[in-house]
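Taking it in order: structure first as structure tokens, then the write-up.
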Amino acid sequence: MLSRLLLATTNRGKIRELVRLFEGSGVELLLPERELDVEEKGGSFFENAYLKAKAYYEAFRMPTLGEDSGLVVPALEGYPGIYSSRFYSLEWGGVEPLEGSRDRANIRKLLRLMEGLQDRKAYFLTCAVVCLDNAGLWAEGRCYGEVLREPRGEGGFGYDPIFQPEGYTKSMAELRPEEKDLLSHRGKAIRRLLELLKMLK
Ligand code: ITT
């Protein structure tokens, strides 16, 4: 199994969770010494994860993990989906003014578009891709649930305050970090990826 992995991400929420998820795995995570501006021009979570991993791999020449994730709402044609991080700024559904953080603006827009909607089903998805010298690995994880009518809780990041996982009465942002890791899309994808990494010589 490899011992070091470069993280091709600048999202602090993701980094915090990835560090927790790799704890005790024997794989040391490294942060890039400079940020690359990778255009996420793919049409799927997989393509975008691959584009990020590949760009950092080519710049730093070491095993690299890229991940693309987001919240999919079937009743909204799959939006925010691959546009989750900049959903507020999309023409689709109307641009939401950026007052405060991006996360808050994204949440305001999603709640506005879902006002009065009965079908609130949604899922988070993470696609994680590892670029190695002569190979690539990928894994996906999903977490099903529904979109709440107002934000609750201070934990996590992104859309966590308005997402309630199936079988729970708390929002993702009200769960303890270890609880989120157990059921989250990212937790599932990374545990699967670790199994695949263990199969490498
Ligand atoms: P990098 O490309 O640098 O990794 P990013 O924030 O641009 O960072 P993505 O394009 O993958 O990453 O967008 C992910 C967005 O999806 C993120 O900004 C959140 O809005 C949302 N998201 C992903 N995982 C989440 C989680 O566990 N909880 C809540 N929201 C999440």
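Treat the numbers as computed from the prediction; the structure is a model and nothing was measured. First listed ligand is number 1; within each ligand, the first listed atom is number 1.
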R20, CZ: over 12 other non-hydrogen atoms inside 6.0 angstrom: yes
Heavy-atom gap H185 to ligand 1 smaller than 4.0 Å: yes
Salt-bridge criterion met for E67 and K52 (N-O under 4.0 Å): no
Nitrogen or oxygen of R186 less than 3.5 angstrom from that of ligand 1: yes
Heavy-atom nearest neighbour in the protein, as seen from atom 1 (P) of ligand 1, with distance rounded to 0.1 Å: T9 OG1, 3.4 Å
Side chain to side chain donor-acceptor pair (under 3.5 Å) partners of D103, counting only residues at least two apart: none
Between CG on residue N11 and CZ on residue F157, distance to nearest 0.5 Å: 5.0 Å
Heavy-atom pair with the smallest gap, counting every atom of A105 and Y88: CB-CB, 3.7 Å
M172 contact mode with ligand 1 (heavy-atom cut-off under 4.0 Å): neither
K14, any N or O under 3.5 Å of ligand 1 N or O: yes
Any K180 heavy atom less than 4.0 Å from ligand 1: yes
Numbered atoms and elements of ligand 1 in range of S84, under 4.0 angstrom, heavy atoms: 15 (C), 16 (O), 20 (O)
Considering all heavy atoms, the nearest M62-Y57 contact: O-CD1, 3.2 Å
Residues E47, I82; criterion side chain to side chain contact (heavy atoms under 4.5 Å, CB included); working and verdict: CA-CA 10 Å; E47 277 179 80; I82 58 171; over 6 Å; no
Residue and atom name of the nearest protein heavy atom (relative to atom 18 (O) of ligand 1), distance in Å to one decimal: S85 CB, 3.3 Å
Atoms in ligand 1 with a heavy atom of Y159 nearer than 4.0 Å: 20 (O), 21 (C), 29 (C), 30 (N)
Protein contact to atom 3 (O) of ligand 1 [nearest heavy atom, distance to 0.1 Å]: T10 N, 3.0 Å
Heavy-atom nearest neighbour in the protein, as seen from atom 28 (N) of ligand 1, with distance rounded to 0.1 Å: D160 OD1, 2.7 Å
Close-contact set for ligand 1 against E40 heavy atoms, below 4.0 Å: 2 (O), 7 (O), 10 (O)
Least distance between heavy atoms, C143 atom then H185 atom: CB-N, 3.6 Å
Ligand 1 contact by L71, heavy-atom criterion under 4.0 angstrom: no
Taking atom 14 (C) of ligand 1 as the reference point, the nearest protein heavy atom with its distance: S69 O, 3.2 Å
Location of contacts on K52 toward ligand 1, heavy atoms closer than 4.0 Å: side chain
Sub-4.0 Å heavy-atom approach of S184 to ligand 1: no
Residue, atom name and distance, where the atom is the protein heavy atom closest to atom 6 (O) of ligand 1: N11 ND2, 2.9 Å
Electrostatic pair E195:R192 at N-O distance under 4.0 angstrom: yes
Co-membership, hydrophobic cluster, residues L193 and F45, 4.5 Å side-chain: no
Closest contact, heavy atoms only, Y56 versus A8: CD1-CB, 3.3 Å
Transitive ILVMFWY side-chain link M114 to M172, under 4.5 Å: yes
Where ligand 1 meets D68 - atom numbers and elements under 4.0 angstrom, heavy-atom basis: 9 (P), 10 (O), 11 (O)
Under-4.0 Å heavy-atom contact with ligand 1, by part of F157 that carries it: both
